[in-house]
Protein chains: 2
Amino acid sequence: MADLDPLFISAGYLLLKAGTHFHTLIDAALTDLDLTGRQLLVLGFANRGGPLSQQMASTRLGLDPTIVVALVDELEACGAIKRERDPDDRRRHQLKLTPKGRKLYDSAVRAVTAAERDFLAPLDRTERESLRKLLVETMTPRLPWMSDDA
Amino acid sequence: MADLDPLFISAGYLLLKAGTHFHTLIDAALTDLDLTGRQLLVLGFANRGGPLSQQMASTRLGLDPTIVVALVDELEACGAIKRERDPDDRRRHQLKLTPKGRKLYDSAVRAVTAAERDFLAPLDRTERESLRKLLVETMTPRLPWMSDDA
DNA sequence: TATTGTTATACTCTATAACTATA
DNA sequence: TATAGTTATAGAGTATAACAATA
């Protein structure tokens, strides 16, 4: 090990580095499907957990609502989701996966899962599960939709 | 736990979320010192590990060299580092911490360490160290300067 | 009056290309 | 000829403000 400042072997720094590194791997793994990481997340939230409004997508993805508009435009243009007026509140759109969108999502999840396996290759099976559990424990208090609805 | 797609409890997704979340905490913790996360990393690399050129900073931070110029400009303007011509190759700059820069760095590391402790509060001491080791194991093959010099 | 979604626009951040000085 | 650093500029990504429809 080189003569490094302790900062660079801290959990926080390595977490940041791991995040950005994995992010590039994800986007690379999704290029074949003409999909971005963000688009995949929208599909994922639309896939389960009840009706998804654009505002919900905005808070869950941590993105400005105006960005979600463009994001949903793209996904609707490629036929993966469709906007439907919410009958209970006609201001809202319900974002729903089309059959094509569901197939696309399944393929994308497979691609991302493979990328994750590559990324975590230095760890064995129990270590990978250990890491996952530690991250769940850390992030659950910070992701509202993990504990209940949002 | 809500009816969530498995994607959102995967190690990869949680890693991305943890990374971005911690990133905002870091920047918030550094505002009092008028410092950004990137500036802190430059100070950290200049603090140890031999002479640091701007090109080295560029590869280590994963930033375009033109961005490093502005980054170093800022740090030099506030008196935290200074550029010195490398006597062995006068094209290069050696980035060196000033005494003021070292003090600033020490303060910043304390602030970041506190933020990290807050962020990892859901974990106990052994769990935090376990997470750190798993991240070291995962990232060492991907960070050239971890194993030797770069 | 407040909220959802939308558009238009201004701002920030980043990358590209061209230049200098050194090698 | 190639490389380290710099500058100027164009492009992508983002946030801000104003608007229409609905509550």
Side-chain angles (χ1 to χ4, degrees), chain A residues 16 19-21 23-24 26-28 30-31 34-42 45-46 50-77 81-96 145 149-150, chain B residues 16 19-21 23-24 26-28 30-31 34-42 45-46 49-77 81-96 144-145 149-150:
Chain A
L16 291 172
T20 55
H21 195 95
H23 189 267
T24 64
I26 289 298
D27 278 345
L30 291 176
T31 44
D34 271 312
L35 217 57
T36 67
R38 283 178 175 179
Q39 291 172 334
L40 172 67
L41 293 178
V42 174
F45 281 119
L52 179 74
S53 69
Q54 291 185 199
Q55 189 184 241
M56 284 166 68
S58 168
T59 58
R60 290 189 179 187
L61 277 72
L63 295 174
D64 195 279
T66 61
I67 297 177
V68 174
V69 173
L71 202 48
V72 171
D73 282 349
E74 296 160 6
L75 289 169
E76 201 171 32
I81 66 170
K82 57 182 192 301
R83 288 172 163 103
E84 289 181 8
R85 283 287 172 194
D86 184 335
D88 293 342
D89 185 341
R90 290 183 48 73
R91 291 173 300 182
R92 289 197 179 93
H93 284 153
Q94 291 181 352
L95 306 179
K96 298 204 170 169
W145 61 89
D149 50 6
Chain B
L16 291 171
T20 55
H21 194 96
H23 188 267
T24 64
I26 289 297
D27 278 345
L30 291 175
T31 44
D34 270 311
L35 216 57
T36 66
R38 283 179 175 176
Q39 291 172 334
L40 172 67
L41 293 178
V42 174
F45 282 120
L52 179 74
S53 69
Q54 291 185 200
Q55 189 184 242
M56 285 166 68
S58 169
T59 59
R60 290 190 179 186
L61 276 74
L63 295 174
D64 194 278
T66 61
I67 296 177
V68 175
V69 173
L71 203 48
V72 172
D73 283 349
E74 296 160 6
L75 290 169
E76 201 171 31
I81 66 171
K82 58 183 193 299
R83 287 171 163 103
E84 288 181 8
R85 283 288 171 192
D86 185 334
D88 294 341
D89 184 342
R90 290 183 46 74
R91 291 173 302 183
R92 287 197 179 93
H93 284 151
Q94 291 182 352
L95 306 180
K96 299 203 171 170
W145 62 88
D149 50 6

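Below, read A as the first sequence line, B as the second, and so on, with proteins coming before strands; counting in each chain starts at 1.
- Not one N or O on the side chain of B/D86 forms a donor-acceptor pair closer than 3.5 Å with the backbone of B/S53.
- With sequence neighbours excluded, no residue satisfies ring-ring contact (aromatic ring centres under 6.0 Å, His included) with A/H93.
- The terminal axes of the helix from C/dG5-D/dC19 to C/dA23-D/dT1, fitted over 5 pairs per end, subtend an angle of 10° to the nearest 10°.
- Salt bridge present: A/D73 and A/R83 bring a charged side-chain N and a carboxylate O closer than 4.0 Å.
- Shortest non-hydrogen contact noted between A/L52 and A/M56 is CD1-CB, 3.8 Å.
- Put simply, CE on B/M56 is 13 Å from C1' on D/dA4, counting in whole angstrom units.
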Mind running side-chain contact (heavy atoms from CB on, under 4.5 Å) on A/V42 and A/L75 for me, showing each step along the way? CA-CA 9 Å; A/V42 174; A/L75 289 169; 3.7 Å; yes
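- Taking both residues in full, the closest heavy atoms of A/I26 and A/G37 are given as CG2-CA, 4.4 Å, listed atom of the first, atom of the second, then distance.
- With sequence neighbours excluded, no residue forms a side-chain hydrogen bond (donor to acceptor under 3.5 Å, both in side chains) with A/T20.
- The number of heavy-atom neighbours closer than 6.0 Å to CZ of B/R85, taken from other residues, nucleotides and ligands shown, is above 12.
- Contact between A/E84 and A/K96 at its shortest, heavy atoms only, is OE1-NZ, 3.4 Å.
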Can you name the atoms? Protein N/O to nucleotides 20-23 of chain D N/O, anything below 3.5 Å, with the distance.
from: D/dA23; atom 1: OP1; to: A/R90; atom 2: N; distance (Å): 2.9

Strictly under 3.5 Å: I want the nitrogen or oxygen pairs between protein and nucleotides 12-15 of chain D, one per line.
from: D/dT14; atom 1: OP1; to: A/R38; atom 2: NH2; distance (Å): 2.7
from: D/dT14; atom 1: OP2; to: A/R38; atom 2: NH1; distance (Å): 2.9

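- Checked options B/R60, B/Q54, B/R38; the residue passing with B/V68 is B/Q54 (criterion: side-chain contact (heavy atoms from CB on, under 4.5 Å)).
- The nearest whole Å value for the distance from the CZ atom in B/R92 to the P atom in D/dT3 is 11 Å.
- Regarding B/Q54, its CD atom lies at a distance of 11 Å from the P atom of D/dA4, rounded to whole Å.
- With rounding to the nearest 0.5 angstrom, the NE2 atom of B/H21 is 12.0 Å from the CG atom of A/L16.
- For the side-chain contact (heavy atoms from CB on, under 4.5 Å) with B/F45, the qualifying choice from B/L95, B/L40, B/L61 is B/L61, the only one to do so.
- Distance, B/D73 CG to D/dT7 C1': 11 Å, rounded to whole Å.
- Nucleotides of DNA chain C with any atom under 4.0 Å from a heavy atom of chain B span, from 5' to 3', C/dT14 to C/dA23.
- At most 12 heavy atoms of other shown residues, nucleotides or ligands fall within 6.0 angstrom of atom NE2 in B/H23.
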